[in-house]
Engineer: 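Okay, here's the structure, questions in a sec.
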Amino acid sequence: GLDVLAPISTHAPQAAPVRIGAKGYGLKKTTSDTKNWLSQSLSAFSYKVEANPIFKKSIQQNGFAPLNESVSIKGSSILQREMKDHNKFWSNSHSNYPKRKRELQYQKSAQKVWNLIHSPKENEKYHSVNEVCSVLKLHKTTLLTILKKWLKLKLIEKRRISQPWHDRRINFYIRPLKEKLPFLLYTKFRSKNKTTTRLR
């Protein structure tokens, strides 16, 4: 008998649809070599904050901030006083732990901000307040406390940013005036006399 021939298709063959897990299109599998591959890929484009090695080492060893060297205490009388106040606070063995802990957090943040505003930029000359908060994930209140101290001691200066009149957010460019950041106190500690007076 005659063999039955299969009908000839008049349509061109279509490409197979791309499915999840197809070769070349699947998600990367997590192994010991590719663990956290997304974080590793993005890390090359992230700003890395390098802390002052002397500051970092001192904190890790004894939980105390390093002191300003006597030869480095120069400049205006107000800056000299602030640097001596820092040395006095950290030389006092009776300073309580909560105050030291809070002050260390401010000083760590201050060092990160100082390193960032000294890092070069491609498009703009200076870093802004909003940008520093975003990059370092820092609360604006904390940053403004640090910047207020630096402005007072003329370690930086403000540069105006053009923004709409209805935008009332505090934002300005930060222009560093010094290369080296002295060790300073950033928190205000109330004296016992002032506290007693207020309670009355």
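Every heavy atom of this structure was used, including side-chain atoms; hydrogens, water molecules and symmetry mates were not.
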Engineer: We want to know whether Asn68 and Lys84 form a side-chain donor-acceptor pair, criterion being a heavy-atom distance below 3.5 angstrom.
Structural biologist: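 Absent: no donor and acceptor within the cut-off.
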Engineer: With hydrophobic residues grouped by side-chain heavy-atom distances under 4.5 Å, do Leu147 and Ile161 end up in a single group?
Structural biologist: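 No, it is not one cluster - the side chains of Leu147 and Ile161 are not joined through contacts under 4.5 Å.
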Engineer: Using a 3.5 Å distance criterion without hydrogens, assess whether the side chain of Asn130 forms a donor-acceptor pair with backbone atoms of Asn171.
Structural biologist: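 Judged by distance alone, no pair lies under 3.5 Å.
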Engineer: Please name the pair of heavy atoms, one in Leu143 and one in Cys133, separated by the smallest distance, quoted to 0.1 Å.
Structural biologist: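 For Leu143 and Cys133, the tightest heavy-atom pair comes out as CD2-SG, 3.5 Å.
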Engineer: Can a donor-acceptor pair be found, under 3.5 Å and without considering hydrogens, that links the side chain of Ser91 to the backbone of Lys88?
Structural biologist: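 Pair absent, no side-chain N/O of Ser91 close to backbone of Lys88.
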Engineer: For the hydrophobic clusters of this structure (ILVMFWY residues joined by side-chain heavy atoms under 4.5 Å, transitively), does one cluster hold both Leu155 and Tyr173?
Structural biologist: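 Shared cluster, no.
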Engineer: When you compare the side chain of Ile174 with that of Lys158, does any pair of heavy atoms fall below 4.5 Å?
Structural biologist: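 Heavy-atom side-chain distance check fails, nothing below 4.5 Å.
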Engineer: Which residue is it: Leu136, Ile117, Val132? I am looking for the one with a side chain to side chain contact (heavy atoms under 4.5 Å, CB included) to Lys112.
Structural biologist: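 Passing option: Leu136.
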Engineer: Do Val113 and Ile170 share a hydrophobic cluster (ILVMFWY, side-chain heavy atoms under 4.5 Å, transitive)?
Structural biologist: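 Yes: a chain of side-chain contacts under 4.5 Å links Val113 to Ile170.
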Engineer: When you measure from the side chain of Trp114 to the backbone N and O of Glu179, does any donor-acceptor pair fall under 3.5 Å?
Structural biologist: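 Judged by distance alone, yes, a pair lies under 3.5 Å.
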Engineer: Please check: side-chain N/O of Ser119 versus main-chain N/O of Leu116, any donor-acceptor pairing under 3.5 Å?
Structural biologist: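 Yes, Ser119 side chain to Leu116 backbone: donor-acceptor pair under 3.5 Å.
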Engineer: If we ignore angles and hydrogens, is there a donor and acceptor under 3.5 Å between the side chains of Gln107 and Gln111?
Structural biologist: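 Per modelled atom types, Gln107 and Gln111 side chains form no pair under 3.5 Å.
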Engineer: Treating Ile, Leu, Val, Met, Phe, Trp and Tyr as nodes and any side-chain heavy-atom pair under 4.5 angstrom as an edge, say whether Leu144 and Leu138 lie in one connected cluster.
Structural biologist: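 Same cluster.
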Engineer: Between His118 and Lys178, is there a donor-acceptor pair closer than 3.5 Å when you use the side chain of the first and the backbone of the second?
Structural biologist: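 Yes.
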Engineer: Does Ile156 belong to the same Ile/Leu/Val/Met/Phe/Trp/Tyr cluster as Tyr126, with side-chain heavy atoms less than 4.5 Å apart forming each link?
Structural biologist: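 Unlinked, Ile156 and Tyr126 end up in two clusters.
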Engineer: Please assess Glu157 against Arg159 for the test salt bridge (charged side-chain N to carboxylate O under 4.0 Å, His left out), listing each intermediate value before the final yes or no.
Structural biologist: CA-CA 7 Å; Glu157 70 175 7; Arg159 288 294 177 90; 3.1 Å; yes
